[in-house]
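For the numbers below, each heavy atom of this structure counts, side chains included, while hydrogens, waters and symmetry mates do not. Convention: sequence-line order gives letters A, B, ...; per-chain numbering from 1.
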Amino acid sequence: MKITLNPTTTPFNLDYTLQCGQVFRWEKHGDWWYAIVAKKATKIRQTSNVLEFEGVDASFIEKCFRLHDPLPLILSKISRDAHIRNAIQNFHGLRLVRQDPWECLISYICATYKNIPAIQNMIGNLSRQFGHEITLDNHSLYTFPNPTTLAKANITELTRCKLGFRAKNVHETAKKVDTQTVRLAELETMPYEAAKNELLKLPGVGEKVADCVLLFSLNKLEAFPVDVWIKKTILENYHEYLNIAFVQKALKKKSLTPSEYRQIGSFARGYFGEYAGYAQQYLFHHERSVCQAV
DNA sequence: TTGCCGCCTTTGTA
DNA sequence: ATACAAAGGCGGC
């Protein structure tokens, strides 16, 4: 199947979107990107303004890649200064992806204190160990294990997936989701703060992980995850909008207190507006690309 | 109630 | 090779 995009009203760049570090399970073979989404093996490629795909229908692709988000409007709203305009220009067509909340939750619990290649490894290990295989074009893809499966898994099996100290958090979170102690399915209908408070009840989920899950899977575009890269770029490029003592203190420490974290988040929402999450993704990808080869 | 400290496994990268 | 950083969170004080 194919979708033809109008590049003026619906700019989109598939490679930027899948390479910017928000998703961990899409793999590129030749021109095609492969993954399992919604339990179905799928592949997609982009040739200029045409998206070609198999395995899912057009409405799912539009939802998954947020093609109905009014990107030109969003970009005009977050283009508040030369720094972010530069990031937007460098990655024209980058969009947020709408992920499955459960897979997104486990992915970002695993992302704690890990770099992106290592995260891809951990999530791949979990899927091979606990998911089931689906083959497409001779590529083996694996479904992501459901909450019940990971709740029943023992710590030794999880540790074998190289999760390290995250194995216990993944296991305990899986139990709480499986028993509906935290109802993931209901969070999208809740306001940002309320949904965040629910996520914070899960072990391994702090301010940053909660914001990632809210932004990447629960449609909260005001979520502004502050990781080491975003902390760096905010303190370097936006210090004039922050208290001097606050900036100097934050620069000295590796991790932020919840209070400091929330100060940066509320600055970002005030400065970039309701689409602060999009600003975060452009700033994140830009900062990473100038500091290391991506 | 809040801040700070040290620790948590393992991999990537220089 | 050996060190240091990595899309942080948590319990102790």
Side-chain angles (χ1 to χ4, degrees), chain A residues 16-26 87 91 94 96-97 99 103-126 129 155-173 176 182 196-197 199-218 220 223-235 243 245-246 248-265 268 276-294:
Chain A
Y16 291 157
T17 298
L18 292 179
Q19 283 167 349
C20 71
Q22 56 176 326
V23 293
F24 305 107
R25 295 230 302 146
W26 285 87
F91 301 108
L94 169 64
L96 291 170
V97 170
Q99 302 182 37
E103 179 172 341
C104 186
L105 171 63
I106 297 303
S107 298
Y108 281 92
I109 287 176
C110 290
T112 300
Y113 207 56
K114 277 289 185 185
N115 55 30
I116 289 174
I119 301 164
Q120 291 170 336
N121 263 328
M122 289 187 285
I123 302 302
N125 292 339
L126 272 181
Q129 179 89 19
I155 297 292
T156 310
E157 291 176 305
L158 292 170
T159 305
R160 207 174 296 137
C161 294
K162 307 302 181 184
L163 299 193
F165 63 84
R166 303 161 197 80
K168 186 180 179 189
N169 290 335
V170 167
H171 189 226
E172 297 300 317
T173 288
K176 289 197 174 188
V182 170
K196 187 169 183 176
N197 285 335
L199 288 170
L200 290 174
K201 295 176 181 173
L202 297 167
V205 179
E207 294 283 337
K208 188 269 176 180
V209 173
D211 274 335
C212 286
V213 177
L214 291 163
L215 179 61
F216 300 134
S217 75
L218 293 170
K220 305 302 180 199
F224 192 84
V226 181
D227 74 310
V228 289
W229 299 100
I230 290 295
K231 177 194 165 197
K232 177 173 183 291
T233 199
I234 292 292
L235 295 180
N243 180 284
F246 172 82
Q248 293 183 336
K249 192 166 68 174
L251 280 171
K252 286 185 207 161
K253 342 197 284 186
K254 43 263 157 235
S255 57
L256 301 167
T257 66
S259 164
E260 291 166 335
Y261 182 100
R262 283 175 180 261
Q263 283 186 61
I264 292 181
Y278 262 98
Q280 192 273 2
Q281 202 53 34
Y282 277 91
L283 293 174
F284 173 79
H285 196 37
H286 183 257
E287 188 66 29
R288 250 173 39 91
S289 70
V290 297
C291 289
Q292 62 178 52
V294 179

(request) Quote, to the nearest angstrom, the P distance that separates C:dG12 from B:dT9. (result) 15 Å
(request) Can you tell me, in whole Å, how much space there is between the C1' of C:dA7 and that of B:dC4? (result) 23 Å
(message) Mind checking if A:K253 touches a base, just sugar-phosphate, or nothing, with heavy atoms under 4.0 Å?
(response) sugar-phosphate
(request) Select base, sugar-phosphate, or nothing to describe what A:Q22 touches, counting heavy atoms under 4.0 Å on all strands. (result) base
(message) Rounded to whole Å, how long is the line connecting atom NZ of A:K254 with atom C1' of B:dC5?
(response) 8 Å
(request) Taking atom P in both B:dT13 and C:dG8, compute the distance separating them and give it to the nearest angstrom. (result) 15 Å
(request) Please state how far atom CG in A:L200 lies from atom P in C:dG9, giving the value in whole angstrom units. (result) 9 Å
(request) Fit a plane to each ring of A:F91 and A:Y16, take the angle between them on a 0 to 90° scale, and name the class: parallel (under 30°), tilted (30 to 60°) or perpendicular (over 60°). (result) perpendicular
(request) Rounded to the nearest angstrom, tell me the gap between atom CG in A:N115 and atom C1' in C:dC4. (result) 12 Å
(request) Using a 4.0 Å heavy-atom cut-off across all strands, classify A:F216 as base, sugar-phosphate, or nothing. (result) base
(request) Return the 5'-most residue of the pair A:P203, A:F284 with respect to DNA chain C, ranking by each residue's nearest nucleotide. (result) A:F284
(message) Looking at C:dA7, which nucleotide sits across from it as a Watson-Crick or G-U wobble partner, both distances under 3.5 angstrom, or is there none?
(response) none
(request) Write down the distance between NZ (A:K252) and P (B:dC5), rounded to a whole number of angstrom. (result) 11 Å
(request) Please state whether the phosphate of C:dA7, meaning OP1 or OP2, lies under 4.0 angstrom from any side-chain nitrogen or oxygen of A:K114. (result) no
(message) From CD1 of A:I109 over to C1' of C:dG9, roughly how many Å is that when rounded to an integer?
(response) 10 Å
(message) Whole angstroms only, please: what is the CD1-P distance between A:I119 and B:dT13?
(response) 12 Å
(message) Nearest 0.5 Å, please: how far is NZ in A:K168 from CG in A:L158?
(response) 13.0 Å
(request) Hey, could you give me the OG/CD1 distance between A:S107 and A:I119, rounded to the nearest 0.5 Å? (result) 8.5 Å
(message) Does C:dG8 have its OP1 or OP2 closer than 4.0 Å to a side-chain nitrogen or oxygen of A:N169?
(response) no
(message) The side chain of A:F165 is closest to which nucleotide in this list: C:dG8, B:dT10, B:dT11?
(response) C:dG8
(message) Distance check needed: C:dA7 P versus A:L256 CG, whole Å only.
(response) 15 Å
(message) Looking at B:dT9, which nucleotide sits across from it as a Watson-Crick or G-U wobble partner, both distances under 3.5 angstrom, or is there none?
(response) none
(request) Calculate the interatomic distance between A:N121 atom CG and C:dA6 atom C1'; express it in whole Å. (result) 14 Å
(request) Measure distances between side-chain N and O atoms of A:E287 and base N and O atoms of C:dA7, and say whether any donor-acceptor pair falls under 3.5 Å. (result) no
(message) So A:G21, base contact, sugar-phosphate only, or nothing? Heavy-atom distance under 4.0 Å.
(response) base
(message) Mind checking if A:Q120 touches a base, just sugar-phosphate, or nothing, with heavy atoms under 4.0 Å?
(response) nothing
(request) Verify whether the ring centers belonging to A:F216 and A:Y108 lie closer than 6.0 Å. (result) yes
(request) Look up atom OG1 in A:T173 and atom CD1 in A:I106, then write down how far apart they are to the nearest 0.5 Å. (result) 6.0 Å
(request) Using a heavy-atom cut-off of under 4.0 Å over every strand shown, decide if A:V205 touches base, sugar-phosphate, or nothing. (result) sugar-phosphate
(request) Could you tell me if the ring centre of A:F224 sits under 6.0 Å from that of A:F284? (result) no
(request) Select from A:L202 and A:P117 the residue whose nearest nucleotide in DNA chain C is closer to the 5' end of that strand. (result) A:P117
(request) Check every atom of B:dC4, C:dA7, B:dT11 against the side chain of A:K162 and return the nucleotide holding the closest atom. (result) B:dT11
